[in-house]
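Any value given below was found using the heavy atoms of this structure, including those in side chains, with hydrogens, waters and symmetry copies removed. In the text below, chain A, chain B and the rest are named by the order of the sequence lines, each starting its count at 1.
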Protein chains: 2
Amino acid sequence: MDPSRHSDALRAAQMYYLQDLTMDAIARELRTSRSTVSRLLSSARDSGLVQIQIRNPLDTGPELEGMIRRHYNVDVHVVPVLETLNEAETLDRVAMQAARTIGPIVDSNAIIGVAWGSTLSAVSRHLTRKITHDSVIVQLNGAGNMHTTGITYASDIMRRFGSAYGARVEQFPVPAFFDHAGTKTAMWNERSVQRILELQAKMSIAIFGVGSVDADYPSHVYAGGYLDESDLNILATSDVVGDVATVFFRGDGSSDGIVLNERSTGPSLAQLRQVRRRICVVSGESKINGLRGALTAGLATDLILDEATARRLVDFEGLAAASG
Amino acid sequence: MDPSRHSDALRAAQMYYLQDLTMDAIARELRTSRSTVSRLLSSARDSGLVQIQIRNPLDTGPELEGMIRRHYNVDVHVVPVLETLNEAETLDRVAMQAARTIGPIVDSNAIIGVAWGSTLSAVSRHLTRKITHDSVIVQLNGAGNMHTTGITYASDIMRRFGSAYGARVEQFPVPAFFDHAGTKTAMWNERSVQRILELQAKMSIAIFGVGSVDADYPSHVYAGGYLDESDLNILATSDVVGDVATVFFRGDGSSDGIVLNERSTGPSLAQLRQVRRRICVVSGESKINGLRGALTAGLATDLILDEATARRLVDFEGLAAASG
DNA sequence: GTCCGTTCTGCACGTTTGTGCATAGAGCTT
DNA sequence: AAGCTCTATGCACAAACGTGCAGAACGGAC
């Protein structure tokens with residue numbers, strides 16, 4: 001881009017946001033039209049030059065947040081949404097706010113693990129640009145299935161993250177689930193795969209949604225041809241409530257003995273918990289069971305969710321009592 | 001304040017800044033009028049709920065900044081100001097932008113050393129609120145002189161810092177200069193003084209302007225009855241170019257053998273250099289000599305100054321050559 | 001209860017801002 | 001140089017916004 005335009009954008013942003021001048025005054029100084037200033041500012045905003053963040057003082061925040069925070073020990077961001085909004089609109093709002101909340105967390109030299117799914121897809125569409133150096137986006141779990149290699153869907157998400165943060169993108173070109181655990185073991189010894197696994201092991205940030213087995217609109221994983229009849233039966237009979245990055249867990253947060261996980265390509269829950277910043281984005285009340293499992297399992301350090309779901313989370317089993 | 005108003009402000013801020021809704025839409029959701037939303041947002045901004053910051057990518061910044069940064073190894077923020085502005089207006093702009101630049105740097109548990117003077121006074125008037133816990137504002141140097149105890153002037157500055165950040169304020173109730181070095185030695189052994197000195201030793205942030213001996217409008221120190229005729233003579237004959245917190249230095253950054261410093265109450269340059277974040281605010285070209293000395297002495301890690309002064313700093317002795 | 005002072009609210013108005021559109025200009029090809 | 005495409009600009013209009021003001025609501029004091 002024209003460097004002088006960039007520097008004009010910077011000047012304009014400083015004068016507008018830091019000195020409270022009007023666009024008119026800035027235009028006169030920059031010897032251009034007011035509309036150009038308006039556009040400069042908007043480009044400054046979505047190129048990440050201007051960072052706007054909301055910090056809600058932990059202690060004065062609304063009750064909802066406090067309760068969830070105390071009970072699950074996560075940093076909560078409740079997204080206010082009108083109750084009349086439909087599922088898709090809610091997801092869009094949550095995704096938008098999630099994208100902007102993530103922005104300030106991302107920094108240079110970060111290794112960022114990203115899952116895929118409808119939630120992450122929505123988030124990826126709303127990312128605001130922020131220039132970082134030597135960051136890497138690494139895919140958390142494979143995306144292929146019986147019908148497609150899943151490449152385009154997941155890779156679109158990855159690519160958007162990569163270009164928003166100027167980061168290198170490392171895809172994980174394996175199916176979501178192997179048919180045979182043995183194949184996974186073999187692949188995991190391949191050097192091409194190990195490169196990805198090593199990156200994952202060094203992740204400083206992980207971003208994921210949750211799948212919930214009983215969601216009204218089941219996640220891709222449960223509906224998209226990833227699992228066959230017998231797999232679904234296994235899930236149904238093993239108390240599994242949901243998944244994160246195609247790794248399943250029960251309501252109590254445990255995941256031991258769930259055979260499907262041996263064929264899954266996502267990081268184990270234990271490995272995920274090693275990551276310093278683990279950001280979970282959830283939209284839609286019907287994911288509540290999966291969400292509760294994920295929180296109980298301690299998978300998230302940061303939780304971004306819509307207000308209605310937050311409320312249900314609190315209502316559940318008198319969680320409110322824990323706040324007294 | 002009404003807690004529900006606070007939480008409304010938070011909701012409004014999230015919807016406005018993070019979801020790009022219009023105030024109108026937010027008003028409908030909050031069941032109030034648009035004007036109320038406008039006011040909620042403005043209260044959210046100046047209560048520090050909304051943080052807006054400009055991060056200019058170090059490598060793409062305008063030439064001016066790059067040159068100064070490389071030469072003096074400081075983080076530079078050049079404040080764009082119209083050249084036609086007068087001294088006072090420039091100071092106001094610089095102070096405003098300085099205040100907002102400082103905001104994001106301040107955090108809980110910080111011990112913040114603050115000097116006094118016309119620059120700091122202006123900055124203190126533009127601070128935006130930000131709630132922190134267990135922060136302390138500590139006065140860097142005494143403010144008393146022959147005519148007044150200096151209490152109100154300096155303490156106003158301190159108080160504003162304190163209330164902006166919700167911090168405890170520790171004043172330093174001594175004169176700016178002792179008449180006799182021996183008195184200083186004695187006082188420095190007083191426990192009440194030692195408490196302040198210990199706080200200063202633990203500072204994580206220091207904020208100060210610079211005085212310049214030859215400034216058009218001399219700093220308070222040189223004009224306000226702090227020094228008598230013979231003191232000024234000493235300064236004139238010892239190559240002193242300026243001061244930071246009433247500690248003097250020469251153009252080459254040295255301060256050894258300047259006798260006045262033995263009676264001054266500010267932290268020694270060596271002590272100041274221990275502080276992790278040292279923010280220097282300068283407005284007005286006539287401070288250029290003092291500024292150059294301070295930078296040469298390595299007193300600042302962050303420099304906020306107006307464009308004209310920045311340009312002069314670069315023009316000086318072909319500093320531009322250093323950028324090639 | 002009434003009174004008074006303070007704070008909050010919505011309205012109305014003027015100001016400030018975003019954006020579709022037509023045009024000018026830059027860069028590239030032939 | 002002419003012709004082309006693509007981007008940036010300014011205009012003009014509509015949308016969004018800030019704020020003085022008058023009235024409503026609140027919270028003591030008596």
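Nucleic acid contact class of B:Thr36 (heavy atoms, under 4.0 Å, all strands): sugar-phosphate only. Across all strands, A:Thr32 comes closer than 4.0 Å only to sugar-phosphate atoms, never to a base (heavy-atom distances).
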Could you walk me through whether B:Glu170 and B:Met158 pass side-chain contact (heavy atoms from CB on, under 4.5 Å), step by step?
CA-CA 8 Å; B:Glu170 294 284 358; B:Met158 305 293 295; over 6 Å; no
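The CD atom of B:Glu87 sits 9.5 Å away from the OG atom of B:Ser118 when rounded to the nearest 0.5 Å.
Using a 4.5 Å heavy-atom threshold, the side chains of B:Ile207 and B:Phe161 count as touching.
In this structure, CG of A:Leu30 is placed 16 Å from P of D:dA8, rounded to the nearest angstrom. Rounded to an integer number of Å, the gap from CG of B:Leu40 to C1' of D:dC17 is 14 Å. Atom pair B:Arg39:CZ and D:dG20:P shows a separation of 9 Å (rounding to whole Å applied).
Judged by distance alone, the side chain of A:Gln19 and the main-chain N or O of B:Val94 form no donor-acceptor pair under 3.5 Å.
Within the structure, a side-chain polar atom (N or O) of A:Ser38 is placed less than 4.0 Å from OP1 or OP2 of C:dG18.
Side-chain N/O atoms of B:Ser43 and B:Arg39 include no donor and acceptor closer than 3.5 Å.
With sequence neighbours excluded, the residues forming a salt bridge (Lys or Arg N to Asp or Glu O under 4.0 Å) with A:Arg277 are A:Asp302, listed by chain and number.
Of the candidate nucleotides C:dG10, C:dT19, C:dG18, C:dG10 has the atom nearest to the side chain of B:Ser35.
Residues from residues 14-29 of chain B that place a heavy atom under 4.0 Å from any atom of DNA chain D, listed by number: B:Tyr16, B:Thr22, B:Met23.
Positionally, the nearest nucleotide of DNA chain C for B:Arg34 lies more toward the 5' end than for the other of B:Arg34 and A:Val37.
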